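From a predicted model like this one, the values you see are computed outputs, not experimental measurements. When reading the values below, keep in mind they use all heavy atoms of this one structure, side chains included, and skip hydrogens, waters and symmetry mates. Residue numbers begin at 1 in each chain, while the letters A, B, ... track the order of the sequences.
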Amino acid sequence: MRLTLTAHRVPLWPRAAACAAAGLVAGLAGVLLTTGCAGTRANRDEPRPREGIAEYRRVTLDAASALRAALKALDSVSAQSNVCSPRVLQAFSAEMQRLQVDSLSLRVRAHAMQARGDAYFENWDAHVQRVRDPGVRVLAERRRPLFEASFQCIKGLTLEARGALAPCVASLRQLRTTLEADPASLGAAPAQELIQSARQNGQQVQRCLADIVAELDLMRALLPETTGHNRST
Amino acid sequence: MNQHILKSLLVAGLSLCGWPAGLPAQEPYDVWSARLVPAPTDPDTQRNAMNNVRSRVTWLKSTAQQAQSYPNGGDGMVRQALFALCREYATFTRSLTLQQRTYGANELSELAAGLDLLQEAYGNYNQDVAAGRYPGQALRDMCQIMRRAADIWLQEFIVDCARLRVGR
């Protein structure tokens, strides 16, 4: 199910989850505001915060690019008449490999989010506690409802993307095995069903990844105002 | 001494049963789970542990490169190298301070998930062969994925170690 950007604006979360998500939110706001200045604000002996939004955006785009290429290669296979040529099959296999590798960073984050649950977001609260500038903490608190809703949405989209990616890759692998054994089986029902399955799941993943990037861009757009306000204080 | 022998026999037995295929990267490998002596967490120990992990990744990549030439035993070579990496990573996590483990909980969880996904690539190889794919081709694909994925994992590991100030 595709989530709209406006459907989650009302913060309806239980208090514990709200605090956990707020920690993540505040932590990210603090991270971005202190990027490049960690040495002046944080104790140099303490672990440094991570650049959450930019990093997450990068791994999402990497996965989206690899998926786009894999689905394009799938289209090339599907466009073959009755026999899949070795050249097309080899290109298809190469893009499958790339998809499995380039989606790794996103999948590990999805795994960690699911394994750690609320603790994943609570961890960010520890990051914002290390931001010494009280102005940053005040601003993060002020923006908390918006950031909180965005991150809960991102988490849901990430898990949904991972849930669709697994069957997509499984279908692609089965299709490859089938065509390697018999390139002339392309027109048969089993191969066509695998193509359809991979395409449907792949398109769902694409929608999720696009929504994730949109949410991240929305969060990033909130920050310049926050940063500017911080400068004015 | 007897405990050491028993431990070695247990590990060998589990390895023969294919246990590394399901090794949980997030749990310490040490089968003797009760540690009477806390693991050292000084910077030198951390640096050594970190370098050992990096060495194991290099070994995994090298093994994956060579294993492609051994269709009858190459998968076992990769499995052993992956098992060694998981074990070394578990040792590395034990060398971290409480503050590092707490502050870097997300990063450490992601690294452990990465090792799980490397094992998943090995599992996919087994599934492909069982589904009738030519073993040599399946092995080559698995080895190529393993090498590239190990590179990505290592990059994340290095960045996270810097963030957590491991060994400093």
Side-chain angles (χ1 to χ4, degrees), chain A residues 24 27 31 38 42-52 55 59 62 89-90 93-94 96-117 119-127 129-130 162 166 169-170 172-182, chain B residues 24-26 43 96-97 99-118 120-121 123-125 127-138 140-157 159-166 168:
Chain A
L24 164 66
V31 161
N43 187 334
R44 283 190 177 276
D45 293 331
E46 293 173 348
R48 295 171 292 173
R50 59 193 290 188
E51 299 85 358
E55 187 174 335
V59 302
D62 286 347
L89 187 54
Q90 188 178 8
S93 184
M96 272 184 58
Q97 242 191 51
R98 181 191 161 196
L99 174 60
Q100 290 175 79
V101 172
D102 287 1
S103 65
L104 183 69
S105 294
L106 184 66
R107 285 187 288 142
V108 300
R109 280 157 178 78
H111 273 252
M113 281 183 186
Q114 184 166 41
R116 286 179 50 74
Y120 191 93
F121 299 104
E122 289 167 3
N123 181 253
W124 288 98
D125 190 53
H127 289 241
Q129 298 305 321
R130 295 182 182 277
R162 189 189 66 164
V169 172
L172 293 174
R173 283 174 39 226
Q174 274 184 276
L175 178 65
R176 179 181 59 187
T177 299
T178 301
L179 294 178
E180 282 178 350
D182 182 11
Chain B
Q26 301 200 38
L96 300 178
T97 63
Q99 182 191 36
Q100 287 169 322
R101 272 182 279 154
T102 302
Y103 193 77
N106 285 351
E107 286 87 340
L108 295 175
S109 182
E110 289 166 10
L111 287 173
L115 293 179
D116 288 342
L117 290 179
L118 287 178
E120 185 180 286
N124 287 345
Y125 157 79
Q127 288 175 11
D128 285 351
V129 172
R133 196 174 183 212
Y134 175 57
Q137 185 63 52
R140 277 192 293 274
D141 279 352
M142 186 264 284
C143 288
Q144 288 169 11
I145 290 173
M146 195 68 73
R147 284 174 53 220
R148 293 172 61 191
D151 256 341
I152 292 174
W153 187 91
L154 181 60
Q155 288 169 22
E156 297 270 0
F157 176 75
V159 169
D160 289 341
C161 284
R163 283 175 181 152
L164 298 178
R165 303 202 180 272
V166 172
R168 299 187 192 185

*Is there a side chain to side chain contact (heavy atoms under 4.5 Å, CB included) between B/Gln100 and B/Leu108 once you walk through the steps?*
CA-CA 10 Å; B/Gln100 287 169 322; B/Leu108 295 175; over 6 Å; no
Which heavy atom of [X] sits nearest to which heavy atom of [Y], and what is that distance?
{"X": "B/Asn106", "Y": "A/Tyr120", "value": "ND2-O, 2.9 Å"}
{"X": "A/Ser93", "Y": "B/Asp141", "value": "OG-OD2, 3.6 Å"}
{"X": "B/Pro43", "Y": "B/Arg168", "value": "CG-O, 3.8 Å"}

_Stepwise side chain to side chain contact (heavy atoms under 4.5 Å, CB included) check, A/Arg109 with A/Glu55_ = CA-CA 11 Å; A/Arg109 280 157 178 78; A/Glu55 187 174 335; 2.4 Å; yes
*For chain A, which residues of residues 145-154 of chain B have heavy atoms nearer than 4.5 angstrom*: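 If one takes a 4.5 Å heavy-atom cut-off, the residues of residues 145-154 of chain B near chain A are B/Ile145, B/Arg148, B/Ala149, B/Ile152.
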*Between B/Ala105, B/Ala138, B/Gly114, which has the largest tally of heavy atom pairs under 4.5 Å with chain A?*
B/Ala105
*Partner set under side chain to side chain donor-acceptor pair (under 3.5 Å) for A/Arg98, not counting sequence neighbours*: A/Ser65, A/Asp102
*Most heavy-atom pairs under 4.5 angstrom with chain B, which of A/Thr178, A/Leu104, A/Val108?*
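Max contact count across the listed options: A/Val108.
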*Are A/Glu180 and B/Gln137 close enough that a side-chain donor and a side-chain acceptor fall under 3.5 Å?*
no
_Under 4.5 Å from any heavy atom of chain B - which part of A/Arg116_ = side chain
